[in-house]
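Read through the structure below, which is laid out as structure tokens, and then see the notes.
Every number for a ligand or one of its atoms is a count from 1 in the order of the listing. From a predicted model like this one, the values you see are computed outputs, not experimental measurements.
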Amino acid sequence: MKFFEANFDGLVGPTHNYAGLSVGNVASLSNAKNSSNPKQAAKQGLQKMKALHDLGLVQGVLAPQERPDVYTLRRLGFTGTDAQVISNAAKQAPAVFRAVCSASSMWTANAATISPSADTADGKIHFTPANLTNKFHRSLEPVTTGKILQAMFSNPDYFAHHTHLPDNDHFGDEGAANHTRLCSAYGKRGVELFVFGRYAFDQTKPVPKRYPARHTLEACEAVARLHGLDDNHVVYMQQNPDVIDQGVFHNDVIAVGNQNVLFYHQQAFVDTDAKLAELQRKFGNEAQLHLIEVKDSEVTVAEAVKTYLFNTQLVALNDGTMAIIAPTECQDSPTVSAYLAGLTERGTPIQKVHYYDVKQSMRNGGGPACLRLRVAMSEQERQAVNPNVLMNNKLFSTLNAWVDKHYRDEISEADLADPQLLQESRTALDELTQILQLGSVYPFQQ
Ligand code: SUG
């Protein structure tokens with residue numbers, strides 16, 4: 001049977017904006033209050049999806065969420081019509097209002113953690129939406145994320161869905177951005193590598209000093225239990241607190257893996273040698289495991305954070321080699337582009353580099369890898385996926401036309417308070433649920 005990895009990219013939502021909401025995420029803070037271009041952002045994302053589809057990969061689309069989130073504003077005491085709720089919140093609590101407008105669900109690496117059927121006790125693909133507790137604007141995502149995932153992967157014979165972990169910082173879970181699966185082949189049992197920022201219940205362990213560690217060990221362990229993973233095939237690694245303090249707010253800003261390749265920075269982890277030895281032991285000998293470490297002397301952590309060298313996608317092509325999907329910021333850096341050119345000559349599976357412009361997302365700290373959720377699956381499992389969410393030439397042109405019809409070219413901070421934006425957003429999403437055949441996944445449709 002054929003097995004492969006599908007990537008489900010977040011479609012950028014109509015309220016895409018720069019609100020400086022993510023302390024610890026350098027790009028988010030440095031672009032705060034700049035105007036955004038939602039139409040261009042959505043189109044950049046669609047171009048990347050189409051390019052991966054054209055490379056022969058299975059590519060899907062994950063729908064955005066309804067914003068501004070007036071339901072949350074009502075929970076916070078704002079009353080009246082939706083227009084009054086928006087205008088009062090914008091005036092009286094502008095910071096809260098900006099948070100409920102974020103289109104952050106576009107970064108679907110944070111949507112959920114997914115374990116493929118080869119790894120789970122019951123042989124199903126398991127999904128746990130991430131609670132994203134560490135940032136208020138992101139904590140608004142998991143309920144709707146769960147509904148959208150269920151509408152895409154609805155067949156209970158193949159797919160098992162869990163509720164997100166308890167909404168508390170002790171179980172802070174940032175999803176697949178901190179999860180990497182290594183395997184000799186997609187259909188074989190793999191090693192699931194969970195990376196966490198801190199121990200929730202042990203204050204003696206190292207923690208960052210400047211920026212928050214969003215994800216806990218205890219959250220990783222809970223997801224591994226829920227998914228029915230075998231301890232002999234799971235590794236937990238702590239992120240180096242010093243790199244979190246340098247702006248590495250998710251592990252996918254400093255490491256990326258695929259099949260038998262782990263590409264990571266020298267400073268990414270705590271206790272690196274012992275943990276990589278455990279990874280090698282659990283990985284086994286069925287294939288050679290390539291541990292590609294980037295030294296400080298080759299690329300500094302600061303340069304990696306600036307260019308998103310590690311927030312790249314490592315994808316397996318049909319010819320058996322891998323390509324690295326990088327943002328154009330990597331191409332623009334002489335150090336990083338030279339490093340990547342050299343990397344393809346080193347006799348590892350990585351043979352090609354493709355650069356894509358996702359600048360609108362990058363300005364909020366979201367590179368190519370943030371924009372996608374990976375699901376390794378068999379052809380039979382793919383047949384059970386809602387076919388309307390899978391990219392092809394027709395869906396690409398339908399979604400581009402949908403963006404042209406509904407999205408604005410510019411959103412500034414003041415525009416977010418325009419009640420018309422909520423109407424535009426709902427109209428767009430209503431039409432999208434029909435295009436993608438998702439049913440009623442949004443609160444306004446209930
Ligand atoms: O959670 N940025 C997102 C970026 C997520 C990137 N994802 C991965 N690394 N997988 C975050 O920090 C910024 C929104 C704003 O400032 O307007 C934001 O939410």
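Close approach to Ala19 involves these atoms of ligand 1, each under 4.0 Å from a residue heavy atom: 15 (C), 16 (O), 17 (O). Shown in contact with His250 at under 4.0 Å from a heavy atom are these atoms of ligand 1, numbered in order with element: 7 (N), 8 (C), 9 (N), 10 (N). Applying the 4.0 Å criterion to heavy atoms of Gly20 picks out, from ligand 1, the atoms 15 (C), 16 (O), 17 (O). Residue Asn17 has at least one heavy-atom neighbour below 4.0 Å for each of these atoms of ligand 1: 17 (O). Per-residue contacts place Asn110 under 4.0 angstrom from the following atoms of ligand 1 (heavy atoms of the residue considered): 5 (C), 6 (C), 7 (N), 8 (C), 10 (N). When each atom of ligand 1 is checked for a heavy atom of Ala109 under 4.0 Å away, the hits are 10 (N). The contact set between ligand 1 and Ser28, taken as ligand atoms under 4.0 Å from a residue heavy atom, comprises 13 (C), 15 (C), 16 (O). Here is the list of ligand 1 atoms found below 4.0 Å of a heavy atom in Ala177: 10 (N).
Residue Trp107 has no nitrogen or oxygen atom sitting less than 3.5 Å from a nitrogen or oxygen atom of ligand 1, judged on distance alone. Geometrically, ligand 1 and Val253 share no nitrogen or oxygen pair separated by less than 3.5 Å. Distances between N or O atoms of Phe249 and those of ligand 1 include no value under 3.5 Å. Between Tyr18 and ligand 1, not a single N/O pair is under 3.5 Å apart. For Arg138, a nitrogen or oxygen atom sits less than 3.5 Å from a nitrogen or oxygen atom of ligand 1, counting backbone and side chain alike.
The protein atom (non-hydrogen) at minimum distance from atom 19 (O) of ligand 1 is His137 NE2, 2.7 Å. The protein heavy-atom contact nearest to atom 11 (C) of ligand 1 is Ser22 OG, 3.4 Å. For atom 10 (N) of ligand 1, the closest heavy atom belonging to the protein is Asp252 OD2, 2.7 Å.
Looking at Cys370 against ligand 1, both its backbone and its side chain come within 4.0 Å, counting heavy atoms. The proximity of Leu21 to ligand 1, defined as any non-hydrogen pair under 4.0 Å, involves the side chain as well as the backbone. Contacts of Leu132 with ligand 1, taken as heavy-atom pairs under 4.0 Å, are absent altogether. If you look at Asn364 next to ligand 1, the close heavy atoms, those under 4.0 Å, come from the backbone and the side chain alike.
Side-chain atoms of Asn25 come within 3.5 Å of backbone atoms of Asn364 as a donor-acceptor pair (strictly under, hydrogens ignored). Judged purely by atom type and a 3.5 angstrom limit, Asp69 has no side-chain atom pairing as donor or acceptor with the backbone of Val100. Of the possible polar contacts, one joining the Asn311 side chain to the Gly367 backbone as a donor-acceptor pair under 3.5 Å is found. Using modelled atom types, no side-chain atom of Lys147 and backbone atom of Tyr442 make a donor-acceptor pair closer than 3.5 Å. In this structure, the side chain of Ser35 does not engage the main chain of Glu410 through any donor-acceptor pair within 3.5 Å.
A 4.5 Å side-chain heavy-atom check between Phe396 and Met49 finds every atom pair outside the cut-off. For the pair Glu192 and Ser115, the minimum side-chain heavy-atom distance is below 4.5 Å.
Side-chain contact check for Gln360 and Tyr18: at least one donor-acceptor pair (N or O, by modelled atom type) lies under 3.5 Å.
Nearest heavy-atom pair across Ser22 and Ser28 is N-OG, 3.1 Å. Between Pro68 and Phe97, the closest heavy-atom pair is CB-CE1, 4.3 Å.
Partners of Asp9 according to the salt bridge (charged side-chain N to carboxylate O under 4.0 Å, His left out) rule, which considers only residues two or more places apart in sequence or in another chain, are Lys48.
The nearest non-hydrogen atom to atom 1 (O) of ligand 1, considering only His16, Glu174, Arg214, Arg98, comes from Arg214.
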Practice problem: Let me see the working for Leu140 and Tyr71 under side-chain contact (heavy atoms from CB on, under 4.5 Å), right down to the final yes or no. | Solution: CA-CA 10 Å; Leu140 309 176; Tyr71 317 95; over 6 Å; no
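Legend: side chain to side chain donor-acceptor pair (under 3.5 Å) pairs involving residues 335-344, not counting sequence neighbours, sorted by first then second residue: Tyr339-Arg346.
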